[in-house]
Amino acid sequence: MKQANQSSSTEVLASKKLLSQGWDFLRHKNINDAIKISQHLNKYHPNNGDGWHFTAQVALTIGNLNAAKQSFKNACKLVPTRIAWKISLADTYYNAREIEQVKSILLDVDELTLTASQHNQVALLFSQINLYEQSIKHYQEAISLEPNNHTHHYSLATVYRYAGDLAKAETSLTKAIECNVNDIDAHALRVDVQKQTPDHNHIESLTALLEQSGSAKQLPATQLMAKDKVQIYFALAKSYEDLDDSAKSFEYLQQGAKLRRQHIEYNIEQDQNIMEDISHNFDQHWWSNTPTLKQSYISGTMITPIFVIGMPRTGSTLIDRMLSSGTEVLNAGELSDFSRLLTEQVQQVFGAEIKNKQQFIKAASQIDFEKLGNDYLASVEAQFAHLGLGKSVHYFSDKLPFNFLYTGLIQKALPHAKIIHITREPIDTCYAVFKTLFQQAYPFSYDQKELAEYFIAYKKLMAHWQQLADRAKLNIHTVSYEQIVAEPKKVAELLYQFCGLTWQAVYADMQNNNAAVTTASASQVRQPIHKDSVQKWRKYEQQLTPLKQQLEQAGISCD
């Protein structure tokens with residue numbers, strides 16, 4: 001017995017030593033050595049939960065989600081009390097788009113005793129799978145444990161904003177700022193969630209942050225990063241626009257856009273060339289010589305996607321809310337699945353043959369479009385089955401604006417898909433884009449010349465798709481922002497007719513649609529539909545002269 005205990009003790013010490021070495025290798029990015037350690041641990045210490053947890057982390061580092069899932073599952077089975085590992089497994093399932101598994105794990109840990117950090121992680125995952133009530137509950141639990149942690153208050157505010165409770169969002173943001181006066185994200189979002197008024201605005205605090213004057217709690221000027229200044233400039237621009245001070249608004253907007261552009265590596269010519277190459281490769285000859293597919297079925301049930309495309313800030317969220325006012329359409333938000341799966345198939349089929357984007361576009365015209373369509377539907381269904389897609393709901397909307405690039409490809413891969421193209425007056429479109437601070441996308445939006453060039457390229461590509469649509473009878477329905485705000489009920493009825501949906505008069509009251517919104521329009525869309533943004537660019541006509549001239553030189557009417 002004594003010898004057996006000694007052997008067991010020696011094995012534990014050996015595994016601990018290996019783990020220490022392995023984590024050191026991982027920290028210093030010695031991946032091959034870390035892999036060898038993980039393999040040794042799993043072979044000679046298969047009942048060591050820490051060893052499987054380490055292997056999962058190694059697998060995540062090299063992007064092997066399947067190995068990470070299995071390793072986390074092994075670790076959790078061996079040591080079921082490790083809540084942190086269960087949360088990591090849920091996160092891995094989320095990255096693999098296995099949402100039912102995410103939900104199952106989250107519900108398993110939902111009533112367990114968690115730390116504040118764990119409540120925050122669980123809340124984020126619930127939010128990511130669109131279960132906002134549970135997300136709010138866990139953020140509130142995190143706050144009860146760490147009431148002075150500004151990140152919990154900020155995170156709670158973002159979910160309140162998605163869910164449409166803007167008053168609670170503002171209260172949570174104010175609390176975040178009270179906990180950390182230098183939480184720039186909270187300052188910026190607080191301006192976004194409510195219209196600023198003479199009696200209720202945050203111009204003084206925002207200006208103080210820029211000037212670094214007043215309270216001793218302010219960061220030293222050398223620590224205010226460029227991205228922080230950009231957020232403050234855009235927040236001040238929005239504040240002064242709300243107060244109808246167009247001169248000051250544009251002054252701050254210009255400063256913010258200029259600073260943001262300085263920190264972006266971007267070449268507009270690449271996007272222009274991409275759109276030209278798309279037009280060249282996906283033409284009438286391609287359409288006629290690529291087999292037309294049968295309508296796709298997943299799980300034995302027809303699932304119909306409704307793509308809402310166009311330039312950003314043209315009204316896609318309004319259209320989305322029109323469609324989701326009833327019970328037939330699930331609002332899936334802005335999905336990257338179509339372009340992701342297109343890219344994956346091109347890489348799988350052509351691999352090393354692809355040396356540049358031009359070759360990629362040509363290769364994309366030769367893929368298996370039936371597979372692309374079925375993969376897309378399977379991916380979306382997997383993400384939203386827990387919300388009834390494929391069961392009680394058979395339509396979903398995908399409102400990623402950039403999908404306009406793939407209009408013809410979408411129709412070829414998904415013949416039954418409905419495509420709604422939203423247009424807007426050119427300078428209103430460009431100004432709405434210019435004044436929005438995007439997280440990552442739309443690098444062309446911070447310079448008037450580049451913005452105009454992109455808009456011109458977009459117009460040319462959509463003209464190409466429309467010409468193809470006229471000949472091939474594609475399911476494309478075009479509607480303008482101006483029509484939406486002028487006659488929302490009429491536009492909605494026509495949309496329902498186009499999509500094959502059943503219209504009911506109660507859907508006309510769209511401001512009572514409680515569906516969550518996670519895009520840049522999350523705050524604005526909670527307001528009743530109005531015409532205030534039509535021709536708004538006229539207030540900035542002088543400042544937008546470079547943009548207007550460039551559009552007019554391309555033959556685009558702006559008056």
Side-chain angles (χ1 to χ4, degrees), residues 83-84 86-112 114-146 149-173 175-176 183 185-186 188-190 192-193 317 320-321 324 330-337 379-380 382-389 396-400 438-440 513-523 525-526:
I83 296 173
K86 292 183 179 181
I87 296 173
S88 294
L89 176 57
D91 189 58
T92 305
Y93 274 124
Y94 176 76
N95 289 326
R97 293 173 173 79
E98 296 180 39
I99 307 304
E100 288 282 11
Q101 296 287 356
V102 178
K103 182 180 177 181
S104 176
I105 295 171
L106 292 181
L107 293 178
D108 181 46
V109 303
D110 194 36
E111 300 302 328
L112 299 179
L114 309 180
T115 66
S117 176
Q118 288 169 344
H119 276 297
N120 190 295
Q121 291 172 291
V122 169
L124 175 60
L125 283 165
F126 269 125
S127 173
Q128 288 172 325
I129 65 172
N130 308 105
L131 297 177
Y132 297 108
E133 287 186 15
Q134 293 92 327
S135 176
I136 289 169
K137 184 189 88 169
H138 280 279
Y139 278 132
Q140 290 172 336
E141 290 285 354
I143 289 169
S144 70
L145 294 171
E146 293 180 347
N149 186 322
H150 68 103
T151 60
H152 300 326
H153 292 285
Y154 177 83
S155 298
L156 177 59
T158 63
V159 180
Y160 277 138
R161 176 173 174 261
Y162 295 159
D165 197 334
L166 302 184
K168 285 185 179 178
E170 184 177 35
T171 298
S172 294
L173 291 165
K175 185 62 180 177
D183 187 338
D185 292 337
L189 190 59
R190 186 169 63 167
D192 181 77
V193 297
T317 303
D320 209 34
R321 292 181 72 73
S324 62
L330 184 142
N331 167 10
E334 297 184 356
L335 303 178
S336 61
D337 295 59
S379 176
V380 177
Q383 294 175 67
F384 295 96
H386 68 294
L387 298 179
L389 185 62
F396 69 90
S397 58
D398 179 345
K399 61 181 285 291
L400 183 68
F438 298 100
Q439 292 296 318
Q440 294 178 331
N513 183 341
N514 294 320
V517 179
T518 60
T519 60
S521 304
S523 302
V525 79
R526 301 299 174 181

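For clarity, every value in this text was computed on a predicted model and none was experimentally measured.
Asp337 meets the side-chain hydrogen bond (donor to acceptor under 3.5 Å, both in side chains) test with Arg340, Ser379, Gln383; sequence neighbours excluded. Here Gln101 pairs with Tyr93, Glu98 under the side chain to side chain contact (heavy atoms under 4.5 Å, CB included) rule; sequence neighbours left out. Under the side chain to side chain contact (heavy atoms under 4.5 Å, CB included) criterion, Ser172 pairs with Leu156, Ala157, Tyr160, sequence neighbours left out. By the salt bridge (charged side-chain N to carboxylate O under 4.0 Å, His left out) test, Lys103 pairs with no residue at all, sequence neighbours left out.
With rounding to the nearest 0.5 Å, the separation of CG in Asn331 from CG in Asp398 is 10.0 Å. Interatomic distance, OH of Tyr132 versus OH of Tyr162, reported as 7.0 Å (0.5 Å rounding). Atom CG of Asp108 and atom NZ of Lys86 lie 4.5 Å apart (nearest 0.5 Å). For the atom pair CG of Asp192 and CG of Leu166, the computed distance is 9.0 Å after rounding to the nearest 0.5 Å. Within the model, atoms CD1 of Ile136 and NZ of Lys168 stand 7.5 Å from one another, a figure rounded to the nearest 0.5 Å.
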List, one per line, each side-chain donor-acceptor pair under 3.5 Å for residues 115-126, sequence neighbours excluded.
| residue | atom | partner | partner atom | Å |
| --- | --- | --- | --- | --- |
| Thr115 | OG1 | Gln118 | N | 3.1 |
| Gln118 | OE1 | Thr115 | N | 3.0 |
| His119 | ND1 | His138 | ND1 | 2.9 |
| Asn120 | ND2 | His152 | ND1 | 2.9 |

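Residues Leu173 and His153 have side chains not in contact (no heavy-atom distance under 4.5 Å, counting atoms from C-beta outward).
Sorted by first then second residue, the salt bridge (Lys or Arg N to Asp or Glu O under 4.0 Å) pairs that include residues 125-139, not counting sequence neighbours, are Asp110-Lys137, Glu111-Lys137.
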